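Report on one structure; see the data block that follows.
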Amino acid sequence: MTDENKPLNFIQQIMSNDLKESVVNKIITRFPPEPNGYLHIGHAKSICLNFGLAEQFEGMCHLRFDDTNPEKENEEFVKSIIEDIEWLGFKWDGDIRYASDYFDQFYIWAKHLIMKNKAYVCELNSEEMKESRGTLTLPGTNSPYRDRSIDSSIQLLESMKTGNIEEGSMTLRAKIDMSSPNINLRDPVIYRIKRIPHHRAGDKWNIYPSYDFAHCLEDAIEGITHSVCTLEFSSNRPLYDWFIDNLPVPSKPRQFEFGRLNMSYSITSKRKLKLLVDAGFVDGWSDPRMLTISGLRRRGIPPIAIRNFCDSLAVAKTDGLVDLSQFEFFVRNELNKSASRAMVVINPLKVVITNLPENHSEDLSVPCHPELSLGERILPFTREIFIDESDFKKEYSKKFKKKLSLGKRVRLRNSYIVEADDYLENKKGEIIQVNVSLLPESLGEDPADGVKPKGVIHWVSADKCIDCNINLYERLFHEPIPDGNGRDFLETVEPESLKILTNCKAELSLAQAEVGKPYQFEREGYFCKDDQNSDLKKITFNQTIALRSNWLEHKD
RNA sequence: UGGGGUGUGGCCAAGCGGUUAAGGCAGCGGCUUUUGAUGCCGCCACUCGGUGGUUCGAAUCCACCCACCCCAGCCA
């Protein structure tokens with residue numbers, strides 16, 4: 001799985017060293033999602049990192065839901081997260097864990113801090129607390145409740161817990177240093193009152209632990225050795241260490257931060273993705289235009305492509321912007337290897353092969369892949385076929401040499417060579433039919449006269465095909481950094497990013513297309529059957545990604 | 001602005017005092033091809049945010065400066 005030629009990243013170096021010097025004897029990592037939204041490609045990087053590290057160093061990786069805020073969390077999100085991790089192909093060690101399983105222990109440790117005079121119940125409301133916290137340059141001032149007695153804090157915490165105190169009126173705070181240059185250390189909140197039930201803990205609690213208090217303790221309880229998170233938590237690390245140092249925890253985990261993944265023309269923020277979903281800009285969390293794991297799945301991107309992409313990413317402390325094309329490379333690379341080939345005409349134009357009898361029908365057996373033995377499929381070849389509108393033009397031009405024009409010939413992919421004789425137009429001057437003649441001996445052979453066609457085009461039998469819809473996608477945002485320089489990212493949403501084509505013609509074999517299986521529609525791109533808009537009458541295919549094209553109009 | 005972090009080609013990134021400054025993506029040129037796909041070949045930083053210094057030798061060490069990111073939720 002891991003490439004030995006690749007130099008170790010800084011976390012691997014630390015782990016390798018910790019093992020060598022017996023700082024730890026086994027690496028234990030964790031992936032700790034908050035169930036308040038769906039996972040996206042940024043999480044995939046973290047998943048691949050944490051699970052990958054555990055595998056590489058023969059350690060363990062836990063899956064733990066950081067469910068400390070019942071206001072935003074629910075079971076739907078828990079379910080989707082589990083589904084996405086499994087789909088990516090990872091298996092966590094032991095049972096699924098939940099921060100809420102440790103609530104009793106957290107409470108005991110909170111009282112422990114009070115007893116050691118390291119925490120106190122504060123009656124400042126949020127505005128007052130904000131004022132007394134100071135600013136980046138000014139130190140904060142001590143809360144008037146900072147020196148209240150230990151007994152009083154213990155009693156008030158108990159009342160907070162049992163639901164006798166109004167929300168927002170009291171908090172439990174760590175007693176650290178109101179003048180610390182690190183604002184996180186200015187008596188941070190440990191517990192806040194939320195008199196709402198928890199999706200797992202029920203109505204047992206009216207107070208819930210804050211992230212900073214809970215996260216390090218969860219890690220310590222589970223024996224996590226290396227708690228890997230993203231860069232924005234760097235200034236929380238001293239607080240992480242403070243709790244670990246001041247509580248009788250069973251182990252001493254350490255936190256390490258790496259740069260999160262940003263992708264051009266995309267949003268990798270759960271909060272902002274939720275905005276897109278809630279405002280109806282997209283078709284739910286699994287809209288194929290979003291880089292959510294479920295969106296990528298619905299779009300037909302193989303999990304291995306996501307993993308290979310994530311593994312190619314640097315684990316460092318720089319926060320860069322990865323070009324979407326870098327991801328697309330891994331998608332095409334995987335799909336080219338694994339996708340079955342098929343022919344689908346997206347904008348059909350009727351072609352009549354005039355030198356074939358009316359009822360001509362010939363079954364061509366053709367391979368499903370140019371190199372791999374993925375089997376064969378039957379292609380019915382008949383007198384009337386469809387080709388794509390863009391593959392015929394009356395006049396030949398050098399630029400158009402690979403396509404069909406009057407007097408010129410092309411190869412029908414997997415079939416015969418035809419030559420265009422004439423065409424029919426409607427009143428509007430649109431071409432509605434092309435008449436061609438077929439070169440009889442040209443199946444699998446070069447033409448007898450030695451004039452080889454320059455191009456190959458795809459086609460579908462007009463009578464023996466299926467109708468289908470095709471969803472074509474463009475990037476969801478028209479700015480490389482949708483939320484760049486203070487802009488509202490919703491304003492950069494591209495309204496035309498989904499194009500639905502309803503008159504497409506697919507080869508017969510695609511009637512049996514399976515959801516989750518990738519297909520290459522030759523000369524067009526990669527597609528998959530949509531799991532939401534396909535029915536027995538008509539299938540919808542989602543475009544995964546177009547084929548690369550080096551062909552430029554201005555050349556030739 | 002106090003604190004924390006980061007600056008190597010269009011993008012990502014290796015580099016850890018002595019290399020002609022890896023590699024990938026993108027781009028460009030060519031060959032092959034019954035997918036203008038794939039594959040293959042070639043090109044693409046006299047220079048590492050800037051300026052000084054240390055050294056026989058600096059992207060790597062030191063000093064100062066500049067730019068960008070994160071922290072002032074009872075979010076995570």
Side-chain angles (χ1 to χ4, degrees), chain A residues 5-7 9 13 32-34 36 66 68-69 71-73 122 124-126 129-131 133-140 167-173 179-186 188-194 207-208 210-212 214-215 229-238 257 259 264 270-271 312-314 316-330 332-333 336-337 341 343 366 370-371 401-403 410-417 442-446 452-458 480 520-525 546-552 555-556:
Chain A
N5 301 323
K6 250 176 117 176
N9 65 48
Q13 286 179 24
E34 184 194 9
N36 67 343
D66 212 356
T68 56
N69 185 357
E71 226 168 291
K72 297 182 174 176
E73 298 154 3
C122 178
L124 255 28
N125 64 32
S126 57
M129 197 182 292
K130 185 178 175 159
E131 275 169 39
R133 186 153 32 223
T135 68
L136 294 179
T137 46
L138 288 170
E167 255 181 57
S169 63
M170 284 185 200
T171 55
L172 181 69
R173 293 228 256 168
S179 64
S180 170
N182 182 344
I183 294 179
N184 292 290
L185 261 22
R186 321 238 261 231
V189 169
I190 294 177
Y191 267 108
R192 70 298 207 192
I193 300 169
K194 282 181 193 286
I207 55 172
Y208 293 94
S210 65
Y211 166 83
D212 286 305
H215 203 94
C229 64
T230 43
L231 244 32
E232 67 269 25
F233 292 100
S234 298
S235 45
N236 298 56
R237 180 161 21 105
E257 311 90 18
S264 62
K270 244 196 268 179
R271 210 196 94 241
S312 81
L313 259 17
K317 284 183 177 287
T318 42
D319 38 14
L321 182 71
V322 176
D323 205 295
L324 213 49
S325 67
Q326 197 138 338
F327 177 54
E328 293 176 339
F329 168 80
F330 285 92
R332 289 199 181 94
N333 198 34
N336 177 52
K337 285 188 279 185
R341 310 291 132 119
M343 291 200 284
V366 307
E371 285 131 38
K401 65 183 175 194
K402 298 250 191 181
K403 300 182 180 186
V410 276
R411 163 141 249 139
L412 296 175
R413 174 74 171 152
N414 291 311
S415 179
Y416 296 85
I417 294 168
S442 63
L443 184 65
E445 302 287 339
D446 284 341
K452 284 168 70 169
K454 288 266 191 296
V456 180
I457 64 173
H458 58 106
Q520 186 198 96
F521 295 173
E522 286 189 286
R523 300 211 311 135
E524 294 289 359
L547 245 33
R548 219 177 103 173
S549 175
N550 286 331
W551 180 55
L552 295 174
K555 289 206 298 194
D556 266 312

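Convention: sequence-line order gives letters A, B, ...; per-chain numbering from 1. Here the structure is a predicted model, which is why all the values come from computation and not from measurement.
For A:Glu257 against B:G5, a side-chain-to-base donor-acceptor contact under 3.5 Å is absent. Within 3.5 Å, a donor on the side chain of A:Arg341 pairs with an acceptor on the base of B:U35, or the reverse. Between the side chain of A:Arg523 and the base of B:U35, no donor-acceptor pair under 3.5 Å is found.
Taking every side-chain heavy atom of A:Lys402 into account, B:U33 is the closest of B:A37, B:U33, B:A72. When the nucleotides B:C74, B:C11, B:U35 are ranked by their closest atom to the side chain of A:Glu522, B:U35 comes out on top. Nearest nucleotide to the A:Glu34 side chain, out of B:G2, B:C25, B:A76: B:A76. When the nucleotides B:C74, B:C12, B:G15 are ranked by their closest atom to the side chain of A:Gln13, B:G15 comes out on top. Nearest nucleotide to the A:Ser235 side chain, out of B:A26, B:U35, B:C71: B:C71. Minimum atom distance to the side chain of A:Asn333 is reached by B:G39, of the listed B:G39, B:C74, B:U35. The A:Gln326 side chain lies nearest to B:C11 when the options are B:G36, B:C11, B:A76. Side-chain proximity of A:Ala314 to B:A13, B:U35, B:C25: nearest is B:A13. With B:C74, B:A76, B:U38 as the candidates, the nucleotide lying closest to the side chain of A:Val189 is B:C74. Of all nucleotides listed (B:A37, B:G5, B:G2), B:G5 comes nearest to the side chain of A:Lys317.
Across the C1' atoms, B:C74 and B:C16 are found 44 Å apart, a figure rounded to whole Å. When the P atom is used for both B:U1 and B:A45, the distance is 37 Å, rounded to whole Å. Taking atom P in both B:A67 and B:U51, one finds a spacing of 16 Å when rounded to whole Å. Rounded to a whole angstrom, the distance from the P atom of B:C69 to that of B:C75 is 26 Å. Annotation: B:C28 and B:C64 have their C1' atoms spaced 42 Å apart (nearest Å).
Using a 4.0 Å cut-off, no side-chain N or O of A:Lys337 falls inside it from OP1 or OP2 of B:A37. Dashed line: the shortest gap from a side-chain N or O of A:Ser312 to OP1 or OP2 of B:C25 is not under 4.0 Å. Look at A:Thr135 and you won't find any side-chain N or O under 4.0 angstrom from OP1 or OP2 of B:G2. Between B:C75 and A:Arg192, a contact under 4.0 Å exists linking OP1 or OP2 to a side-chain N or O. Side-chain nitrogen and oxygen atoms of A:Arg548 include at least one within less than 4.0 Å of the OP1 or OP2 phosphate oxygen of B:U38.
Regarding the sugar-base torsion, B:G73 falls in the syn class, its angle being within 90° of 0.
Both A:Glu524 and A:Thr137 lie near RNA chain B, and the one whose nearest nucleotide falls closer to the 5' end is A:Thr137.
Counting only N and O atoms by type, the side chains of A:Ser180 and A:Asn182 include no donor and acceptor under 3.5 Å apart.
Across all strands shown, B:U60 has no partner, as no Watson-Crick or G-U wobble contact with both distances under 3.5 Å is found. Under the Watson-Crick or G-U wobble criterion, with both distances below 3.5 Å, B:C44 has no partner in any strand shown. Both distances falling under 3.5 Å, in either a Watson-Crick or a G-U wobble arrangement, place B:C68 opposite B:G5. When both distances must be under 3.5 Å, the Watson-Crick or G-U wobble mate of B:U33 does not exist. Using Watson-Crick or G-U wobble geometry with both donor-acceptor distances under 3.5 Å, B:A13 finds no partner in any strand shown.
A:Asn184 places a side-chain N or O within 3.5 Å of a backbone atom of A:Ser235 that can act as its donor or acceptor partner. A donor-acceptor pair under 3.5 Å is formed between the side chain of A:Arg332 and the backbone N or O of A:Ala546. Within the 3.5 Å criterion, the main-chain N or O of A:Tyr416 finds no donor-acceptor partner in the side chain of A:Ser442.
For the side-chain contact (heavy atoms from CB on, under 4.5 Å) test with A:Glu257, the passing option among A:Thr230, A:Asn236, A:Leu231 is A:Leu231; the others fail.
Side-chain contact between A:His215 and A:Thr68: absent, with no pair of heavy atoms (C-beta onward) separated by less than 4.5 Å.
Scanning both residues, A:Arg173 and A:Leu124, for their nearest heavy atoms gives NH2-CD2, 3.8 Å.
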